[in-house]
Amino acid sequence: MLTVKDLYVRVEDKEILKGINLQVNRGEVHAIMGPNGSGKSTLANVIAGKEGYEITGGEVTLDGKDLLDMLPEERAREGVFLAFQYPVEIPGVSNASFLKTALNEIRKHKGLEELDAMHFLKFMKEKMKMVGIDDNLINRPVNQGFSGGEKKRNEIFQLQMLQPTLAVLDETDSGLDIDALKVVSHGVNLFRNKDNAVVVVTHYQRLLNYIVPDFVHVLVSGRIVKSGGKELALELEDKGYDWVTNTVPAAETV
Amino acid sequence: MSTEVSNVEELAIKDYKYGFQTEIETDVIPKGLSEETVRAISLKKDEPEWMLEWRLKAFRHWLTITKENEPAWANISYPEVDFQDIIYYAAPKQKISLNSLDEVDPELLKTFEKLGISLQEQKRLTGVAVDAVFDSVSVTTTFKAELSKLGIIFCSMSEAVQEHPDLVKKYIGSVVPYTDNFYAALNSAVFSDGSFCYIPKGVRCPMELSTYFRINTSGTGQFERTLLIADEGGYVSYLEGCTAPMRDENQLHAAVVELVALDDATIKYSTVQNWYPGNSEGLGGIYNFVTKRGACRGKNSKITWTQVETGSAITWKYPSCILQGDNSVGEFYSVAVTNNRQQADTGTKMIHLGKNTRSTIVSKGISAGKSNNSYRGLVRVHKKAENARNFTQCDSLLIGDKCGAHTFPYIEVANKSAKVEHEATTSKIGEDQLFYLRQRGIAMEDAINMIVNGYCKDVFRELPMEFAVEAQKLLSISLEGSVG
Ligand SMILES: Nc1ncnc2c1ncn2[C@@H]1O[C@H](COP(=O)(O)OP(=O)(O)OP(=O)(O)O)[C@@H](O)[C@H]1O
Ligand SMILES: [Mg+2]
């Protein structure tokens with residue numbers, strides 16, 4: 001479904017991604033791990049279409065469609081969802097009305113009828129229960145005054161509401177206590193099915209106990225230096241990133 | 001990185017939605033201003049002698065202050081206004097005594113429909129009475145009968161001069177005397193028409209009262225005069241909405257609005273102003289120089305100004321409150337949006353005279369394009385105003401990097417017991433916020449509107465429900481193709 005081919009990205013003359021290759025198929029969960037500053041968020045942002053990055057080479061496609069050629073909103077309507085590492089606050093805009101607009105934009109794009117207030121509310125109530133988020137957070141302005149954990153939970157709630165085909169979760173586990181971690185993981189697991197795919201960016205093996213990946217990739221200095229199954233995450237936790245950087249085959253570091 | 005912003009800048013500038021001119025025969029007094037013009041206006045309106053005298057006094061005063069005294073302190077610039085090149089009176093040529101809407105010129109009705117305020121519709125709508133000013137004469141007034149059962153007088157200023165001379169004589173110029181400023185003097189001399197409203201003792205006006213003004217005849221200056229009086233314990237909520245058709249030359253608009261609240265009375269005055277702002281190069285458009293002032297004359301009285309200003313090439317207005325009665329309250333909630341080459345210099349004055357008087361100012365300025373948006377506010381606490389309180393929140397939002405926002409707060413406190421708080425912020429519309437919304441499938445322009453509307457929430461909340469919706473729509477129209 002998602003194909004990243006030989007992707008090179010620069011920010012202000014600094015090369016951050018240096019030839020990323022990634023193939024994500026329907027029904028799969030991929031984990032991306034790597035040290036701070038290695039380019040994980042950059043990769044997530046470039047997939048979602050954040051501006052300010054210079055793509056110097058390679059391609060990114062979703063079901064064969066060129067994502068790099070689309071505006072962020074077009075990618076979202078095509079089914080790309082990014083759960084942000086740092087969700088922003090939008091004063092004065094209620095979570096509910098924001099989501100109604102977003103959902104209806106996506107539905108319109110898919111040729112579905114827009115939901116009226118009543119049907120939207122009903123749908124929202126179901127999802128709220130699923131993610132364990134209460135009325136109070138829904139009626140407040142988007143993320144405003146939310147605790148770190150609440151913001152992350154809100155991202156997963158939006159994931160459930162918008163039902164994308166590709167979900168990229170950027171450190172959704174950071175700042176969560178153990179109970180919240182379980183709730184959030186549960187939300188992601190409920191989302192998973194044979195028609196969609198999830199890419200989780202994380203520093204911690206712990207999350208992967210709850211959201212079990214099919215593949216784990218290690219990103220160091222803008223390159224995927226090692227890929228494997230879920231046991232790779234355990235090994236990493238055990239041995240640290242030095243272990244991968246040191247075991248990188250000479251050919252790959254060129 | 002300013003990639004987001006330059007993207008906004010690329011968006012096309014859309015045409016002013018209300019740019020059209022109605023073909024109706026008009027009765028026009030030739031261009032120019034002299035004592036003869038003033039007499040001619042008064043004669044056309046068949047006014048009593050005292051009204052003509054008042055106009056002439058104002059005119060003579062205006063002559064003495066002449067052009068050198070045209071206010072120059074606002075943070076705006078514009079070519080000189082030639083006062084001899086303005087038509088001071090234009091009335092739609094038809095009889096005004098109409099029994100039903102069927103008798104109204106169909107062209108006129110069409111205009112109202114284009115404006116989205118078809119009177120037919122309005123009549124059916126519950127709870128909104130409309131006194132429509134079309135150019136200079138009130139054409140038709142609805143709901144009058146219902147209101148008069150409660151003793152409420154709601155009519156055109158011309159009619160009030162004829163039918164309720166005592167009230168007019170007593171209150172006109174009592175809040176904004178003709179000596180007040182250059183434009184107030186001019187307005188007093190040549191005012192064409194406007195709305196008059198009187199709420200008797202203890203009466204709560206059961207519906208929102210509303211007036212729509214529209215500048216139509218080419219080269220007409222529009223000089224409305226509005227007078228609202230809420231007697232003891234009275235309550236009224238009033239909405240003024242404006243649109244003007246597209247023009248090549250700039251048009252002057254110099255209205256005067258006077259509010260009087262007696263003991264325990266409350267007046268809410270809401271304005272949605274979208275006069276033609278000129279094209280993207282700043283050509284055409286309305287000069288909006290308005291004097292609006294409310295007097296909280298009685299104890300426990302309250303006046304609330306809420307304004308959403310999206311139009312005009314130049315806006316220069318400071319709806320103010322004189323808090324004379326003890327425990328009286330003045331409020332000012334404002335959203336001012338400027339785009340392209342618009343200039344706005346707006347704010348308020350809160351004059352605390354009575355004891356325990358309170359005022360609140362919430363101002364949201366939004367600048368886009370190459371526009372300039374200034375807040376100018378005065379909070380003055382007089383010696384005898386024990387325990388006066390003011391809270392001011394003054395925020396500016398910038399869209400793009402070619403626009404300007406300025407804040408000029410003036411605070412004068414002569415009583416030690418006063419508490420005056422002022423908070424001000426300036427922010428740029430966040431690229432991260434835009435990306436967040438777009439990542440959820442919301443297009444750029446809609447995302448900007450959503451953020452701006454959220455930003456103005458505190459003000460919109462003060463507007464009557466249906467007008468809040470209209471205000472949001474106007475905001476998106478005026479921000480269409482925001483930055484250029
Ligand atoms: N807009 C930017 N301007 C300058 N440098 C940037 C920008 N965005 C990213 N970088 C740099 O690119 C590198 C990769 O950043 P990125 O956020 O992708 O790392 P990350 O792997 O997500 O790190 P973390 O684990 O801390 O979240 C960092 O050195 C960062 O400073
Ligand atoms: Mg990151």
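Proteins get letters first, then strands, A, B, ... in listed order; numbering begins at 1 in each.
- For the pair A:Arg77 and A:Glu74, the salt-bridge criterion is not met [side-chain N within less than 4.0 Å of a carboxylate O].
- Neither the backbone nor the side chain of B:Asp458 comes within contact range of chain A; no heavy atom of the residue lies under 4.5 Å from a heavy atom of that chain.
- Proximity to chain A (any heavy atom under 4.5 Å) is shown, for B:Tyr436, by both the backbone and the side chain.
- Heavy atoms closer than 4.5 Å to chain B are found nowhere in A:Pro141, neither backbone nor side chain.
- The part of A:Ile106 that comes within reach of chain B is its side chain, from C-beta onward, which places non-hydrogen atoms under 4.5 angstrom from that chain.
- With B:Phe435 as the aromatic partner, B:Arg440 does not meet the cation-pi criteria of under 6.0 angstrom to the ring centre and within 45 degrees of the ring axis.
- Checking B:Asn373 against B:Ser371 by side-chain atom types alone, no donor-acceptor pair falls below 3.5 Å.
- Contacts of A:Leu162 with chain B are made by side-chain atoms alone, with heavy-atom separations under 4.5 Å and no backbone atom involved.
- Between A:Asp135 and A:Lys125, at least one side-chain nitrogen of the basic residue sits less than 4.0 Å from a carboxylate oxygen of the acidic one, meeting the salt-bridge criterion.
- Contact of A:Val142 with chain B is made through the side chain alone, with heavy-atom distances under 4.5 Å.
- Of the residues B:Lys364, B:Lys292, B:Lys317, the one that meets the salt bridge (Lys or Arg N to Asp or Glu O under 4.0 Å) test with B:Glu309 is B:Lys317.
- Residue contact with chain B, scored on non-hydrogen atoms closer than 4.5 Å, involves the backbone and the side chain of A:Phe98 alike.
- Interface remark: A:Pro87 contributes backbone and side-chain atoms alike to the contact with chain B (heavy atom separation under 4.5 Å).
- Remark: the B:Thr360 side chain and the B:Glu331 side chain contain no N/O donor-acceptor pair separated by less than 3.5 Å.
- Only the side chain of A:Asn143 comes within contact range of chain B, with at least one heavy atom under 4.5 Å from a heavy atom of that chain.
- For A:Lys152 and A:Asp173, the salt-bridge test fails: no basic side-chain N is under 4.0 Å from an acidic carboxylate O.
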